[in-house]
Amino acid sequence: MTGKIEAILIAGPTASGKSRLAVELAERHHGVVVNADSLQVYDGLEILTARPSAEDLRRVPHRLYGHVDPRSDYSAGAYLRDAERVLDDLRRHGRLPIFCGGTGLYFKALLGLLDRMPEVPAKIREKWRGRLAGEGSEALHAELARIDPETAGRLSPRDGQRIVRALEIGEAGDASLSVLQSGDGQALIDPERARMLVLTPDRAELRQRIAERFDAMLEAGALDEVRAFEAACPDVGATAGKAIGLAELSSYLRGNMAYGEARSRAITRSRQYAKRQETWFRHQFDARWLRISPQAAIFGGSEL
């Protein structure tokens, strides 16, 4: 790496200590923590999605947390457009951006490894989602196969959400999704001028941390948060609705699941998610990413 570092990227599985490291590095380098987690972008569910604490927010500025309506879906393309505006602002003010999160696609988008997906107008989105409701996913899959056989071949005929996404992006971009996904998008961050870290916690320690963190969420009021969230957003979007613990605690509140079972299922889902993240980072991030334990990054990373 040559020249001045223009950004720090911190990826890692859930509960691995990314936020703590990001805050410490932001204090050290006059930085601003920028979210790179696909669930923490949504308003609401601050506890369940492990949004930065009030203390963290007091210590350093944070951006792109809780700025999206949970009733809407949010794509990597939309994230890239938001991140570009944040980067422009931080660079004007001489602040170091420290991207922190567990959504690998967001990091790939920042580095130009995904295409810049077109913004889909509401009229196009409503058209295809209306057709999905009226005709079903298999009929739309057949239409996608006619327009974009390559993308259709990768999708199950029953995966209505992804089929519709491919169709609406294709119409908005006036090109098939397979063409738009050539992987040569415009990079917002030069990897040669960035410090890129992947936290690699011990597996047993991570499993324990996940359980302890979910219990801390329950103590902090996660049940009340879910109750209030569902009252405010009965038509929550498909993405925000994936927040781990939401379905389980909702089932408990409705009397369909015992408290202990809801807790156990949420912890299991979180551990499974962490494993998928670790696998993704291992296969998708190249040698430019420094693999480092959370302890070494926080206590031994004086060069960071």
Side-chain angles (χ1 to χ4, degrees), residues 1 5-29 31 33-40 48-53 56 60 62 64-65 76 79 83 96-114 189-217 242-245 266-304:
M1 182 181 299
I5 293 175
E6 296 181 349
I8 297 176
L9 278 55
I10 305 172
T14 186
S16 59
K18 300 183 297 295
S19 296
R20 178 184 178 186
L21 176 60
V23 168
E24 296 206 7
L25 292 180
E27 287 185 323
R28 190 179 304 169
H29 298 290
V33 179
V34 185
N35 178 36
D37 183 279
S38 62
L39 287 172
Q40 291 181 341
L48 275 188
T49 62
R51 290 249 299 273
S53 67
D56 287 341
V60 297
H62 287 68
L64 297 186
Y65 289 90
Y79 173 78
L96 180 70
I98 301 175
F99 286 87
C100 171
T103 300
L105 284 177
Y106 285 6
F107 288 109
K108 294 193 78 169
L110 291 168
L111 296 170
L113 301 176
L114 293 180
I189 293 173
D190 180 355
E192 299 305 321
R193 301 181 71 84
R195 183 79 69 185
M196 303 188 295
L197 313 174
V198 181
L199 299 189
T200 56
D202 174 80
R203 179 64 60 82
E205 290 181 7
L206 182 62
R207 288 175 58 85
Q208 182 62 27
R209 285 184 58 144
I210 286 171
E212 292 174 351
R213 188 177 71 168
F214 192 74
D215 285 338
M217 289 175 175
K242 293 178 182 178
I244 294 174
I267 291 172
T268 297
R269 276 187 64 205
S270 190
R271 288 169 172 167
Q272 292 168 340
Y273 177 55
K275 187 175 181 180
R276 291 195 302 272
Q277 288 176 298
E278 290 175 313
T279 300
W280 199 97
F281 296 139
R282 188 164 56 250
H283 292 294
Q284 296 291 329
F285 285 176
D286 62 25
R288 292 175 295 184
W289 288 81
L290 173 64
R291 270 103 178 140
I292 187 170
S293 73
Q295 293 82 2
I298 292 173
F299 299 112
S302 58
E303 75 282 1
L304 295 179

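Hydrogens, waters and symmetry mates are skipped; everything else that's a heavy atom, side chains included, is used.
The two atoms that bring A83 and L110 nearest to each other are CB-CD2, 3.9 Å, heavy atoms only. Contact record, A274 with T14: CB-CG2, 3.8 Å, taken as the closest heavy-atom pair. The nearest pair of heavy atoms linking Q284 to K108 is OE1-NZ, 2.8 Å. Shown here for M196 and P191, the closest heavy-atom pair between the two residues is CE-CB, 3.9 Å. Of all heavy-atom pairs between A26 and V33, the closest is CB-CG2, 4.0 Å. The two residues Q277 and G12 make their nearest non-hydrogen contact at NE2-O, 4.0 Å.
Rounded to the nearest 0.5 Å, atoms CD (E27) and CD1 (I98) are 10.0 Å apart. Note that CZ of R288 and CG of L9 are 11.0 Å apart. Values are rounded to the nearest 0.5 Å. To the nearest 0.5 Å, the span separating CZ on R291 from OG1 on T200 amounts to 8.5 Å. We find the CD-CD1 distance between Q272 and I210 to be 10.0 Å, quoted to the nearest 0.5 Å. In this structure, the separation between CD1 on I10 and CG on L25 is 5.0 Å, given to the nearest 0.5 Å. Note that CG of D202 and CD of Q208 are 11.5 Å apart. Values are rounded to the nearest 0.5 Å.
Of the possible donor and acceptor atoms, one in the side chain of T279 sits under 3.5 Å from a partner among the backbone N and O of K275. The main-chain N or O of I189 is never found under 3.5 Å from a side-chain atom of E6 such that the two would form a donor-acceptor pair. For S38 (side chain) and T103 (main-chain N/O), no donor-acceptor pair under 3.5 Å exists by modelled atom type. One N or O on the side chain of Q40 and one on the backbone of T49 form a donor-acceptor pair closer than 3.5 Å. With hydrogens and angles ignored, the 3.5 Å screen pairs no side-chain donor or acceptor of S293 with any backbone N or O of P201.
Considering only heavy atoms from C-beta on, L105 comes within 4.5 Å of W280 through its side chain. Between D37 and R51 the shortest side-chain heavy-atom distance does not fall below 4.5 Å.
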Decide side chain to side chain contact (heavy atoms under 4.5 Å, CB included) for K18 and L197; before the verdict, give the C-alpha distance in whole Å, the side-chain angles of both, and the deciding distance to 0.1 Å.
CA-CA 10 Å; K18 300 183 297 295; L197 313 174; over 6 Å; no

Just do the side chain to side chain contact (heavy atoms under 4.5 Å, CB included) check on E278 and R203 with the steps written out, would you?
CA-CA 10 Å; E278 290 175 313; R203 179 64 60 82; 3.0 Å; yes

Could you walk me through whether L48 and F214 pass the side chain to side chain contact (heavy atoms under 4.5 Å, CB included) test, one step at a time?
CA-CA 8 Å; L48 275 188; F214 192 74; 3.9 Å; yes

Begin with the C-alpha distance, continue with both residues' side-chain angles, and end with the deciding distance and a verdict on side chain to side chain contact (heavy atoms under 4.5 Å, CB included) for R195 and H29.
CA-CA 13 Å; R195 183 79 69 185; H29 298 290; over 6 Å; no

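Aromatic ring centroids of W289 and F281 lie 6.0 Å or more apart.
Ionic pairing of R20 and E24 is present here: one or more N-O contacts between side-chain nitrogen and carboxylate oxygen are shorter than 4.0 angstrom.
Atom CZ of R213 sits in a crowded spot, with more than 12 heavy atoms from other residues, nucleotides or ligands closer than 6.0 Å.
By the 30° and 60° cut-offs, the orientation of the rings of Y106 relative to Y79 is parallel.
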